[in-house]
Amino acid sequence: MEKSIVKTVPSMMSTSKSMSMSRHLFSLLLSLSFLFLLCRLLFLTRSSHQLISSSSSSSFSLPPSHAHAPALADPCSGRYVYVYDLPDKFNSDILRDCRTILPWIDMCPFVANMGLGPHLTETGSVLTGTGWHITNQWVLEVIFHNRMRQYECLTTNASQADAFFIPYYVGLDTGRHLWTHNISLRDSLLLELFQLLKSRPEWSVKRGRDHFMLSGRATWDLRRQGDEDHLWGGKLLTLPEVKNMTVLLIEACPWDSDHEFAIPYPTNFHPSNESQIVAWQDKVRSTDRPWLFSFAGARRPGQAGSIRDQVSDQCLKSTRCRLLDCASQDNDCDSPATTMSLFQSSSFCLQPPGDTPTRRSAFDSMLAGCIPVFFSPHSAYTQYKWYLPSNYSEYSVYIPEDEVREGRVSIEEVLLRYSEEEIGDMKEKVISMIPGLIYKDPSRQLESVRDAFDLAIDGVLQRVKSTIGT
């Protein structure tokens, strides 16, 4: 037993000595590795510093490690619009009371479908495709308001807004009282509106200079100068507060106002996608036009200064003109298919003034690819400056109405002077203008095409910017 113990002790001592030497060697290797890594780090740091110093004197530079990508530009900067949330009495209640809007017609079908009116489902060969409605010419306030609801740069933050829209249906409101001899009733809602606006902080900031509104009636229906019951029209455009605003109308006063701007009458075509517009343009581009010129309208025998009788007579006497007499019960001039069939078959469409210088027919005819013939500069050239080329000869013909009234000009002879090539170029110009002369379906987003609404908003924002000097 003792021998065994004696032999074991030296063996254990030898093992312990070996383990101690191994630990010492491991520590030494670990220290050397740490020194090597430290030297390597210092070398890399110095090399990086030399590279940056060297490159700072050359045409190249390394981006700083803390640099951030530039912030994306706000696509709505300068385009924000605040829409007043008015009490229903100023808009939707007027539509609910639609049977009182006009005394001779039930307007309820026409204010339906966001103001587009009844759908035309059977369009036949004249109105191919979809997007067609029976749209009344007085409902633009409803269409525009619904397009405004889809505007991509709306804001509820008044301090962010670049412009302020007032959705009061002033044309429809005034229209239902035009044939009553009660000025107080006719003006009551209008005056109430401006009392409300002047109490709002949004108005007081710039006193209305950044505000705009729309009327679906002509300026002459809103310019009453006195308060006698027998006088015609409303007084919107004579209010002092309105002088600061921008007012959009289907017909503006061309000589007595710098805050009125004309925008197109609504047509019956309200496309919901780009392909509908392209298909329609292709159709009217390829349509045969057997008539040199045409006229759709009624005579004005009791209207002093009107040239409607002379225009109708010249058309009847010509074998190259087709007349659609809208005074005849046999002709349904309210039918989109009837009028568009006439316009599509004509190279030139005569647009003499009616009750006022402008006509919805001018926009219907251009929609059909027909070259308009104007007899007054106030029918188009002094009106729709945001929409029509300043060089009117690119897309239209002008014949002074005095020459027609006095029998000093033949409309047919004037139009025969145009060559086939000139007519083709003018027609193509008219067709290219179609997207900007129509109002898209308010229920659909169609950002690829800029319509009459989009151009109106551009014009308003530019006008506001120039007015307030920002």
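All of these numbers come straight from a predicted model, not from anything done at the bench.
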Indicate yes or no for a side-chain donor-acceptor contact from [X] to the backbone of [Y] under 3.5 Å, with no hydrogens or angles considered.
X: Y265; Y: L140; result: no
X: S346; Y: F348; result: no
X: D451; Y: Y439; result: no
X: R299; Y: R308; result: no
X: W220; Y: C253; result: no
X: S77; Y: D74; result: no
X: T174; Y: V170; result: yes
X: K198; Y: S204; result: no
X: D221; Y: G233; result: no
X: S365; Y: A362; result: yes

- request: Please name the residue in the list I166, V464, I457 that meets the side chain to side chain contact (heavy atoms under 4.5 Å, CB included) test with F212.
  value: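 Per the side chain to side chain contact (heavy atoms under 4.5 Å, CB included) rule, the option paired with F212 is I457, out of I166, V464, I457.
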field: Passing option when S272 is tested against H270, E274, Q276 for side chain to side chain donor-acceptor pair (under 3.5 Å)
entry: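 The option that passes is Q276.
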field: Verdict with reasoning, D355 to R300, per salt bridge (Lys or Arg N to Asp or Glu O under 4.0 Å)
entry: CA-CA 9 Å; D355 296 328; R300 291 287 194 276; 3.3 Å; yes
Among side-chain atoms of [X] and [Y], is any donor-acceptor pair under 3.5 angstrom?
X: T246; Y: R463; result: yes
X: T100; Y: D97; result: yes
X: N136; Y: R360; result: no
X: T155; Y: Q160; result: yes
X: Q351; Y: S361; result: yes
X: Q150; Y: Q445; result: yes
X: Y168; Y: N91; result: no
X: Y169; Y: S92; result: no

I'd like to know if [X] and [Y] make a salt bridge, using a cut-off of under 4.0 Å between side-chain N and carboxylate O.
X: R417; Y: E422; answer: no
X: D187; Y: R224; answer: yes
X: E152; Y: R79; answer: yes
X: D402; Y: R408; answer: no
X: D425; Y: K429; answer: no

Can you tell if the side chain of [X] reaches within under 4.5 Å of the side chain of [Y], non-hydrogen atoms only?
X: D106; Y: P109; answer: yes
X: C98; Y: F110; answer: no
X: F194; Y: V242; answer: yes
X: L249; Y: I263; answer: no
X: R359; Y: S379; answer: no
X: I423; Y: M426; answer: no
X: F453; Y: M148; answer: yes
X: I411; Y: F375; answer: yes

Looking at [X] and [Y], what are the two nearest heavy atoms and their distance?
X: H133; Y: L116; answer: CB-O, 3.1 Å
X: S393; Y: N391; answer: OG-OD1, 2.7 Å
X: L127; Y: P336; answer: CD1-CB, 3.9 Å
X: D210; Y: D162; answer: CB-O, 4.0 Å
X: E141; Y: G216; answer: OE2-N, 3.0 Å
X: L178; Y: R186; answer: O-NH2, 3.9 Å

Taking atom [atom1] of [X] as the centre, does the number of heavy atoms from other residues, nucleotides or ligands within less than 6.0 Å exceed 12?
X: R444; atom1: CZ; value: no
X: E420; atom1: CD; value: no
X: R99; atom1: CZ; value: no
X: K243; atom1: NZ; value: yes
X: R207; atom1: CZ; value: no

message: Let's go through K317 and E412 carefully: what are the C-alpha distance in whole Å and the side-chain angles of both, what is the deciding distance for salt bridge (Lys or Arg N to Asp or Glu O under 4.0 Å) to 0.1 Å, and is it a yes or a no?
response: CA-CA 10 Å; K317 293 176 182 178; E412 179 178 345; over 6 Å; no
- prompt: Strictly under 6.0 Å, is that where the ring centroids of H211 and F165 end up?
  reply: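 H211 vs F165: aromatic centres not under 6.0 Å.
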query: How about F295 and F293: are their ring centroids closer than 6.0 Å?
result: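 No; F293 has its ring centre 6.0 Å or more from that of F295.
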When rounded to the nearest 0.5 angstrom, what distance separates [atom1] in [X] from [atom2] in [Y]?
X: Q383; Y: E260; atom1: CD; atom2: CD; answer: 9.0 Å
X: S347; Y: L415; atom1: OG; atom2: CG; answer: 9.5 Å
X: L236; Y: M245; atom1: CG; atom2: CE; answer: 7.0 Å
X: Q137; Y: T267; atom1: CD; atom2: OG1; answer: 12.0 Å

message: Show, in sequence, the C-alpha distance, side-chain angles and deciding distance for R176 and L102, and conclude whether the side chain to side chain contact (heavy atoms under 4.5 Å, CB included) test is met.
response: CA-CA 5 Å; R176 57 185 176 171; L102 289 176; over 6 Å; no
message: Could you go through H119 and W132, starting from their C-alpha distance and side-chain angles, then the distance that decides it, and tell me whether this counts as side chain to side chain contact (heavy atoms under 4.5 Å, CB included)?
response: CA-CA 6 Å; H119 289 276; W132 292 93; over 6 Å; no
message: Against the six-membered ring of W138, is R217 placed for a cation-pi contact (under 6.0 Å from the centre, within 45° of the normal)?
response: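 Yes, cation above the ring, under 6.0 Å and within 45°.
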